[in-house]
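One structure is given here, and the rest of the page talks about it.
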Amino acid sequence: PGTLVYMPLEAMSESAKYDQSLDMFSCGVLFLATLRRKGPSGQLMAMERYERLADGSRREIPEIERRKDDYDALAADHPLKNIIRRCLENDKRLRPTAAQLHVELLGIAERLGIPHQENKDHTACFLAAKELLLSQNQERLREKDAAIAERDRRLTEKDQIIADKERQLTENEELLAEKDQQLSEKDEQLADNEQQLVDKERQLTNKERQLSERDRRLSEKDKQLADKEQQLSERDRRLSEKDKQLADKERQL
């Protein structure tokens, strides 16, 4: 319940839980309106609280961006500017508590020399707020210590994973070196085999040349033999003729 321009986004949810974080948001709006001497612009009610991103998802617009004109109008060193920014955080967990705000405002008043009523009730309230703030800070420190311990544990696990990966990489590099050595030896064997093959091919070529030369000589000898056979045939023909002539003469006699 309340005016929309004084309400944080989570207050508009059906499951909203009303606690002091909502009041801190409204307090930031009041601080800003007071310093600007004007109420929040009614245009804020028409302004979108989400923007559509390129990937189709929605982004919650920071409240400081929606109230940028009023916020930027404050001097950069204004003592309340940081408090207003924290009160207007979209994440309610980042807003100050009432006790924190009380202590911070008293600190600002003391630094600026602004007089304020001091009595036992005020002192008791101030001390209680201090104790509450201290307790909250201690709790946050414990949470941070736990988060740091958890992060250290994860870092240790990651370091172990990295060490294992490096060990595996070293083993793989050793295996690769062995395989490279084996490949080099096989390359040498292949080179030797290729050289032997070249030598055998050269020997085969020489043998083929020798065989070709022998075939040529045999061919020549075959030709010579054919010539002699032809000569013998011719001689046999002549002898046959002479034998015939001799037979004719003997018959005549």
How far does [atom1] of [X] sit from [atom2] of [Y], to the nearest 0.5 angstrom?
X: E208; Y: E201; atom1: CD; atom2: CD; answer: 10.0 Å
X: E150; Y: E143; atom1: CD; atom2: CD; answer: 14.0 Å
X: D152; Y: I148; atom1: CG; atom2: CD1; answer: 7.0 Å
X: Q210; Y: D215; atom1: CD; atom2: CG; answer: 12.0 Å
X: R153; Y: K158; atom1: CZ; atom2: NZ; answer: 11.0 Å
X: S219; Y: Q224; atom1: OG; atom2: CD; answer: 10.0 Å

Tell me whether [X] shares a hydrophobic cluster with [Y], the cluster being built from Ile, Leu, Val, Met, Phe, Trp, Tyr side chains joined at under 4.5 Å.
X: L211; Y: L218; value: no
X: V198; Y: L204; value: no
X: F31; Y: L112; value: yes
X: L94; Y: L80; value: no

Within a strict 4.5 Å, meaning less than it, do heavy atoms of the [X] and [Y] side chains meet?
X: L35; Y: I84; result: yes
X: K165; Y: L169; result: no
X: L74; Y: L32; result: yes
X: C27; Y: L101; result: yes
X: V29; Y: E63; result: no
X: C87; Y: R95; result: no
X: N90; Y: I61; result: no
X: E60; Y: L9; result: yes

State plainly whether the residues [X] and [Y] are in salt-bridge range, i.e. N to O under 4.0 Å.
X: E104; Y: R86; answer: yes
X: R59; Y: E65; answer: yes
X: R67; Y: D70; answer: no
X: D248; Y: R251; answer: yes
X: E213; Y: R216; answer: yes
X: K244; Y: E241; answer: no

So with a 6.0 Å cut-off around CZ of R142, is the heavy-atom count from everything else above 12?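 Enclosed.
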Has R167 got more than 12 heavy atoms of other residues, nucleotides or ligands less than 6.0 Å from its CZ?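 Above 12, so yes.
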Work out which heavy atom in [X] is nearest to a heavy atom in [Y]; give both atom names and the distance.
X: E10; Y: L22; value: OE2-CD1, 3.9 Å
X: Q100; Y: P96; value: OE1-CA, 3.2 Å
X: Y6; Y: F25; value: O-CD2, 3.5 Å

Please tell me whether N193 and Q189 have a donor and an acceptor in their side chains that are separated by less than 3.5 angstrom.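 No donor-acceptor contact under 3.5 Å links the two side chains.
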Chi angles and distances behind the side chain to side chain donor-acceptor pair (under 3.5 Å) call for D199, Q195: CA-CA 6 Å; D199 294 339; Q195 183 60 42; 3.2 Å; yes
One pair to check against side-chain contact (heavy atoms from CB on, under 4.5 Å): I64 and K68. What are the steps and the verdict? CA-CA 6 Å; I64 283 295; K68 187 176 185 300; 5.8 Å; no
Please say whether the positively charged group of K81, taken as NZ for Lys or CZ for Arg, lies over the ring of Y71, i.e. under 6.0 angstrom from the six-membered ring centre and within 45 degrees of the axis. yes
